[in-house]
Amino acid sequence: MLDMEWIRNKPDEVKAGLSRRGIEAPIDRLLALDAERRKLLTEVENLKAERNQTSKAIGKMKQAEEREQKIEAMRQLGERIDGIDAQVRDIEQALNDLAVEIPNLPDPSVPDGPDESANVLVRTVGEPKQFDFEPQPHWDLGPALGILDFERGVRITGSRFYVLKGAGARLQRALISWMLDLHIRQGYMEMYTPFIVRGQTVFAAGQLPKFRENLYKDHEEDLWMVPTAEVPLTGLHMDEILDGETLPRRYAAYTPCFRREKMSAGRDVRGIKRGHQFDKVEMYTYSTPEDSSQLLEQMLEHAEEICRQLGFNYRVLELCAGDLSFSARKTYDIEVWAPGCEEWLEVSSLSNCGDFQARRANARYRPEKGARPRHMHTLNGSGLALPRTMIAVLENYQQPDGSVIVPEVLHPWMGGIEVIQPEEQV
RNA sequence: GGAGGGAUGGCCGAGUGGACGAAGGCGGCGGUCUUGAAAACCGCUGUGGGGCAACCCACCGGGGGUUCGAAUCCCUCUCCCUCCGCCA
């Protein structure tokens, strides 16, 4: 949610920012409603002041005649007040309906561009791994090793679901544990959150009301399955006022993520790259407005550390204005090279959302004792998305015989498995 | 799922429809006293909105209603607690 006061004072800047995203928001309509709202508010508040004052006096009146006369006058005044109040409510509803659909403004440092083709390559780290044989894609490797089962996933649930088996399931769990432990060393507090949340929480993160069709929802209750840990972590401090000295606060959480992705049916159908359910370890930071830019760079570094320790060849992209997601004002993506399916896989997306989500969540902090509360800034970033990390591990560490070497950093969690060999009896 | 009880300011805890934005206590901040500290005493101590100065409006879990006037009465929803049932 954008700051109404800012829209009122700098409408041209707001329009310019939104047009960089390729969006023409109804700012003028918003301003007209806002002016009307304030006009009516001033009017009705004056009437209420009069009513309050007279009602107080009525309580002390002795003469029945004067008393009755005033009561009648106030009854009529009350009707006028009710009428104007109803108008104000309608206007506020209309105002809100418009405001909640307007995306965040891009940070001034974000490059121009209409879509992903204009994203800027920040750096590439490492070289594509060289093989003296033809590297296989994971959708061949995994089933051959008996650690990845598409047929049974489809049988249980439907298309785009799969089962990880044996060392495959264990490898994913090892990645989760290792990444969480690394994030703890990087200064994050590990969190375990609910995986289904109320609509208000989804709204706070920005996925509602606009992206309803991408979410799974309980059929009779207002409960939604999380599309990312970003959602419960944004909800964590809803309606709170935190002590400024406790910022920044860094949280890391493992959650499954559920996405209907109706829009993307037909894309990336092969393999485990894009499913309706996937696991992710997420980093999240609450910060002051002053620190958030620098903290985004830090979180990027923290995610890159994972890629480096896994020995990946990866690249960092900065998203252009037209490719930013709804709540973000600046975003970096990290992509790793998968030699089997021969593509760059987005394993992480790190965003500074500024005060956009905090405003929707009413999450504030007090800079110092006695000072007025301000909205915090929120930042989120994957560290990392599991299926794509699994793809990169399998495809980069494969050997000519189809076995896969387990990266050394994961050994403590693999129970002695250093090479994944074909499983028996699966 | 069934029965009952509750929800008040940072916390605890009062509150007969008009004197309550709300007693009292705790905590916090400032001051007096003191060489310093403690104690004692005095004062201040919520959020949002409109004007953006004085001031005004709203908020006592959420929403709706009764009334000239609601923390206080009515309806409804949510959440919490206790007991029973069921379960991991």
Side-chain angles (χ1 to χ4, degrees), chain A residues 1-10 30-100 192-204 208 217-224 232 235-247 249 256 355-356 358-376:
Chain A
M1 195 100 86
L2 299 181
D3 181 5
M4 192 60 223
E5 202 175 311
W6 200 43
I7 297 177
R8 196 185 295 151
N9 295 333
K10 311 258 176 145
L30 216 55
L31 288 170
L33 285 168
D34 178 59
E36 179 68 7
R37 171 181 171 269
R38 285 186 296 154
K39 194 193 111 200
L40 290 172
L41 211 50
T42 306
E43 188 184 341
V44 77
E45 285 187 353
N46 286 335
L47 296 180
K48 282 181 181 174
E50 187 188 337
R51 180 176 67 180
N52 287 348
Q53 212 177 335
T54 307
S55 289
K56 211 168 268 189
I58 287 173
K60 292 173 182 155
M61 281 180 186
K62 298 287 196 252
Q63 299 173 358
E65 188 183 330
E66 186 189 6
R67 196 184 152 90
E68 288 310 312
Q69 195 183 330
K70 286 293 183 191
I71 287 177
E72 175 57 20
M74 287 308 103
R75 204 183 55 73
Q76 287 177 19
L77 184 60
E79 282 171 17
R80 274 182 71 195
I81 288 173
D82 286 347
I84 301 172
D85 265 344
Q87 283 184 62
V88 171
R89 263 201 306 278
D90 288 348
I91 288 172
E92 286 181 343
Q93 182 65 54
L95 210 46
N96 190 57
D97 288 349
L98 291 177
V100 298
Y192 172 85
T193 70
F195 301 156
I196 56 178
V197 298
R198 64 173 89 232
Q200 184 62 40
T201 307
V202 188
F203 170 82
L208 280 178
K217 182 189 181 302
D218 180 89
H219 74 287
E220 53 185 11
E221 292 196 73
D222 175 36
L223 291 175
W224 305 70
L236 202 63
H237 294 304
M238 274 195 291
D239 296 320
E240 287 190 50
I241 301 175
L242 301 182
D243 182 345
E245 288 181 9
T246 66
L247 298 177
R249 293 197 187 199
D355 63 6
F356 188 83
R359 186 166 269 113
R360 293 167 89 97
N362 189 31
R364 293 171 295 168
Y365 76 103
R366 205 181 295 279
E368 48 200 66
K369 285 176 211 140
R372 288 176 64 82
R374 301 173 71 191
H375 289 102
M376 292 183 270

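Every chain is numbered from 1 and lettered A, B, ... according to where its sequence line falls, protein lines coming before strand lines. Scope of the values below: all heavy atoms of this structure, side chains included, with no hydrogens, waters or symmetry mates.
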Does the base of B/G46 carry an N or O that pairs as donor and acceptor with the side chain of A/Arg366 under 3.5 Å? no
Distance between P atoms of B/C11 and B/G46 (Å, rounded): 13 Å
Counting Watson-Crick and G-U wobble pairs whose two distances are both under 3.5 Å, find the runs of 3 or more in a row that involve RNA chain B. B:1-7 with B:78-84, B:10-12 with B:24-26, B:27-32 with B:40-45, B:46-50 with B:55-59, B:61-65 with B:73-77
Atom C1', compared across B/A54 and B/A40: separation rounded to whole Å: 38 Å
CD of A/Glu68 versus P of B/U67: gap in Å, rounded? 14 Å
Write down the distance separating the C1' atoms in B/C42 and B/C77, rounded off to the nearest Å. 47 Å
Considering only the C1' atoms, how many Å lie between B/G18 and B/G27, rounded to the nearest integer? 33 Å
If we ignore angles and hydrogens, is there a donor and acceptor under 3.5 Å between the side chains of A/Thr246 and A/Arg249? yes
Enumerate all atom pairs, one protein N or O and one N or O from nucleotides 75-80 of chain B, separated by less than 3.5 Å.
none

Distance only, no hydrogens: is a donor on one side chain within 3.5 Å (strictly under) of an acceptor on the other, for A/Asp97 and A/Gln93? yes
Less than 4.0 angstrom from a charged side-chain N to a carboxylate O is my criterion; do A/Asp34 and A/Arg8 meet it? yes
Identify which nucleotide among B/U47, B/C68, B/G50 has an atom closest to any side-chain atom of A/Ile241, counting heavy atoms from C-beta outward. B/U47
Length of the CZ-P vector between A/Arg67 and B/G18, whole Å: 12 Å
Look at A/Lys48 together with A/Asp85 and state whether they make a salt bridge at an N to O cut-off of under 4.0 Å. yes
For residues A/Glu72 and A/Gln76, is any side-chain donor paired with an opposing acceptor at under 3.5 Å? yes
Whole-Å C1' distance, B/A58 and B/C20: 15 Å
Expressed as a whole number of angstroms, how long is the span from A/Arg372:CZ to B/U47:P? 8 Å
How long is the line joining CD of A/Glu245 and P of B/G28, in whole Å? 15 Å
Taking N or O atoms only and anything under 3.5 Å, show me the protein contacts with nucleotides 56-62 of chain B, one pair per line.
{"residue": "B/C57", "atom": "OP1", "partner": "A/Asn52", "partner atom": "ND2", "Å": "3.1"}
{"residue": "B/A58", "atom": "OP2", "partner": "A/Asn52", "partner atom": "ND2", "Å": "3.4"}

SB check A/Glu79 A/Arg75 (cutoff 4.0 Å): yes
Does A/Arg8 make a side-chain N or O approach to OP1 or OP2 of B/G50 shorter than 4.0 Å? yes
Would you mind checking if A/Arg364 and A/Glu240 are paired as a salt bridge, meaning a charged N to carboxylate O distance below 4.0 Å? no
Counting only side-chain N and O atoms of A/Arg38, is one of them less than 4.0 Å from OP1 or OP2 of B/G51? yes
For atom CD of A/Glu240 and atom P of B/C11, their distance in whole Å: 11 Å
If each of A/Asp34 and A/Met74 is mapped to the nucleotide of RNA chain B with the nearest heavy atom, which maps nearer the 5' terminus, i.e. the 5' end? A/Asp34
Once you round it to whole Å, what is the distance between P of B/U67 and CG of A/Leu77? 15 Å
P spacing across the pair B/U78 / B/G63, given as an integer number of angstrom: 15 Å
Using the P atom as the reference point in each nucleotide, state the distance between B/G10 and B/A23 in Å, no decimals. 14 Å
Please classify the nucleic acid contact of A/Leu41 as base, sugar-phosphate, or nothing, using heavy-atom distances under 4.0 Å. sugar-phosphate
Taken to the nearest whole Å, CE/A/Met4 to C1'/B/G49 is 13 Å
Atom CG of A/Leu47 to atom P of B/C68: distance rounded to whole Å? 17 Å
